[in-house]
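Single-structure report; data block below.
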Amino acid sequence: MTVTYTARVANARFGGFSQLLLLWRGSIYKLLWRELLCFLGLYTALSATYRFVLTEGQKRYFEKLVIYCDQYASLIPVSFVLGFYVNLVVHRWWNQYLCMPLPDTLMCIVSGTVHGRDERGRLYRRTLMRYAGLSAVLILRSVSTAVFKRFPSIDHVVEAGFMTREERKKFENLNSPYNKYWVPCVWFSNLAAQARREGRIRDNSALKLLLEELTVFRGKCSMLFHYDWISVPLVYTQVVTIAVYSYFLACLIGRQFLDPAQGYKDHNLDLFVPVFTLLQFFFYAGWLKVAEQLINPFGEDDDDFETNFLIDRNFQVSMLAVDEMYDDLAMLEKDLYWDAAEARAPYTAATAFQRQQPSFQGSTFDITLAKEDMQFQRPEGVDVPQGEAQGDLLQRLLPVGSGMAAGGLLGRRLSLLRRKNSCVSEASTAASCVCTGTPDGSAPECSCGDLLLDPSLREPEPEPLAGSEPSTTGPVTEPFTTVSMPMSRGMAPRWLPSPIGEEEESLT
């Protein structure tokens, strides 16, 4: 029943849609010709009455009525109300099609998870898909007049092979006043669980995947039921209908041609056929007819969904997928491009020109910049040593207090933390230290850590012992602060985790 014209408009060309204007099936002419003839007949009757029946006094009164109707008919918001209504109906129409229960994904999962080439394995797969098809038939015969005419009773469903007589007894014995389209889905779940217990479904993950897809399938059936139950609010449909009909009822009088001899404004021309009024009726009334046809796509109009075709198609392909195509594989062979470094499929002579077109690399691929615009511009202060920047950050985060200036515990912790951050490794020390080695290989005492310390926070260096000389062999070590330990040290408090490491143990 669906009118398909996609191939006719595959390519845009001059007057591309004009060839669609001559189609009759599913056209606006087929929907609107009765209303258009009725409107034109009433208009012609009023015009003939005005010209040939009314007296002169009656004509003057009728002319005032015409001017009044023409003046106030524009106050009816036809475009506003009708536009929103049609937009709502079209959106609802497409969403209803997206809710059509299609078994394609479910049949692939059944074929891949329910194993067994014997008769019982085949029976499992076919029964599972038959239950899914039965659920779709039950819901479609509840919402579609075409499907209901095909299956007017459960006996017709049984005779069609969607349900066995034993299943019909179980179905009718369920005492429920509500629609029972969901019952085959429950049978599907129970049968899948039984197949898992028998090992036909080999693990719980496969069973979970199968039931999840069944849930999606059942959800679409449920949405069809709810779309059929919950319609567009009746008041909205009534407002739109009254707006359109009242507008053109006013146009029947207000768009009459008056006698030009009377000198009325905008009535200088006397015609018998109101061309633009008919066009306006064609557009607005046609718009309303579009909404009328799409508000329920499960009828028997030209553009309604072909539900019976979908039932036939879904039942056949689902049985093919889980029965004849089960474990049916072609022999594995090397493909045509097995040894090719770059696999490219050939083109015909009609499409060879597409091969010369460059591939899309991105919208900025062809942008070019001048050489001077591609130079990096470093902001001021970017060459400040990293250690100094970290020291400034610590100064901002931990302001100096009286206890820190006096060389307290917090001040010593800050000193160690700064030393740790400034001299992390020998490589970083060599890169940031201002003290460079002497040409003869001797390394003077490094004081890069002191560069990060405020003079008030520096701790006094211990005096070297008499007679001792500093060692010049071995790696250069960091001169840590020596702290006297008059008593046995204890454990650090739990509330003060230290990132410094073993150096914290020298603090009390």
Side-chain angles (χ1 to χ4, degrees), residues 1-4 25-26 30-31 89 92-104 106-107 126-191 214 216-232 234 237 292-320 322:
M1 291 183 289
T2 302
V3 180
T4 302
R25 182 171 174 265
K30 185 177 180 180
L31 287 176
V89 170
R92 174 187 171 92
W93 165 77
W94 181 246
N95 284 342
Q96 289 183 77
Y97 181 75
L98 294 181
C99 291
M100 293 293 292
L102 301 177
D104 297 60
L106 186 61
M107 68 188 187
R126 291 182 65 93
T127 305
L128 287 172
M129 294 312 303
R130 183 171 59 82
Y131 285 161
L134 174 60
S135 180
V137 169
L138 292 178
I139 189 59
L140 287 176
R141 70 180 294 268
S142 301
V143 302
S144 173
T145 56
V147 178
F148 183 81
K149 289 180 179 180
R150 182 179 179 182
F151 306 106
S153 66
I154 297 298
D155 292 335
H156 293 80
V157 178
V158 174
E159 292 178 8
F162 289 98
M163 181 187 294
T164 64
R165 300 190 180 277
E166 183 66 25
E167 292 167 352
R168 177 193 171 184
K169 293 180 181 179
K170 291 184 175 295
F171 183 83
E172 293 179 345
N173 289 336
L174 290 174
N175 187 15
S176 176
Y178 306 107
N179 194 317
K180 294 185 287 187
Y181 67 90
W182 48 269
V183 172
C185 294
V186 179
W187 294 346
F188 186 106
S189 302
N190 295 337
L191 188 61
L214 173 67
V216 175
F217 186 87
R218 184 214 174 278
K220 292 184 176 181
C221 296
S222 177
M223 285 304 301
L224 287 183
F225 177 77
H226 288 291
Y227 271 118
D228 184 65
W229 178 26
I230 307 299
S231 304
V232 177
L234 179 62
T237 304
E292 182 182 337
Q293 185 176 22
L294 299 183
I295 195 170
N296 183 13
F298 295 101
E300 297 178 278
D301 294 329
D302 289 339
D303 272 320
D304 285 342
F305 299 153
E306 299 187 27
T307 49
N308 283 319
F309 167 80
L310 287 175
I311 290 175
D312 296 338
R313 179 261 175 195
N314 294 340
F315 186 70
Q316 184 183 26
V317 300
S318 60
M319 291 304 175
L320 285 175
V322 300

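Predicted model only: the values in this text are computed from it and were never measured. The first residue in the sequence is number 1, and the count goes up from there. Computed from heavy atoms alone, side chains included, the values below leave out hydrogens, waters and symmetry copies.
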Any idea which heavy atoms bring [X] and [Y] closest together, and the distance?
X      : Y      : result
Gln96  : Leu224 : O-CD2, 3.7 Å
Phe188 : Tyr131 : N-CD1, 3.8 Å
Ile311 : Val137 : CG2-CG2, 4.0 Å
Pro184 : Leu138 : CG-CD1, 3.9 Å
Leu214 : Ser189 : CD2-OG, 3.3 Å
Tyr227 : Arg92  : O-NH2, 2.6 Å

To the nearest 0.5 angstrom, please state how far the [atom1] atom of [X] sits from the [atom2] atom of [Y].
X      : Y      : atom1 : atom2 : value
Thr164 : Lys169 : OG1   : NZ    : 10.0 Å
Trp229 : Ser142 : CH2   : OG    : 14.0 Å
Glu159 : Phe151 : CD    : CZ    : 10.5 Å
His226 : Asp228 : NE2   : CG    : 11.0 Å
Met107 : Phe217 : CE    : CZ    : 11.5 Å
Asn173 : Arg168 : CG    : CZ    : 10.5 Å

Look at the side chain of [X] and the backbone N and O of [Y], then say whether any donor-acceptor pair between them is shorter than 3.5 Å.
X      : Y      : answer
Arg141 : Pro152 : yes
Lys180 : Phe171 : yes
Glu300 : Thr145 : no
Ser135 : Tyr181 : yes
Asn314 : Pro103 : no

If the condition is side chain to side chain donor-acceptor pair (under 3.5 Å), which residues does Glu292 pass it with, not counting sequence neighbours?
Lys289
Give me the one residue out of Phe225, Trp93, Phe148, Phe305 that meets ring-ring contact (aromatic ring centres under 6.0 Å, His included) with Phe298.
Phe305
Among all residues two or more places apart in sequence or in another chain, which pass the salt bridge (charged side-chain N to carboxylate O under 4.0 Å, His left out) test with Glu166?
none
Heavy atoms of other groups near Lys170 NZ, more than 12 under 6.0 Å
no
Walk me through it: do Leu128 and Val322 pass the test side chain to side chain contact (heavy atoms under 4.5 Å, CB included)?
CA-CA 9 Å; Leu128 287 172; Val322 300; over 6 Å; no
Met319 and Arg126: CA distance, side-chain angles, deciding distance, side chain to side chain contact (heavy atoms under 4.5 Å, CB included) verdict
CA-CA 6 Å; Met319 291 304 175; Arg126 291 182 65 93; 3.9 Å; yes
Flag the pair Met100 / Leu140 as yes when at least one side-chain heavy-atom distance between them is below 4.5 Å, and no otherwise.
yes
Suppose the criterion is salt bridge (Lys or Arg N to Asp or Glu O under 4.0 Å): which pairs have a residue in residues 95-104, not counting sequence neighbours?
Asp104-Arg313
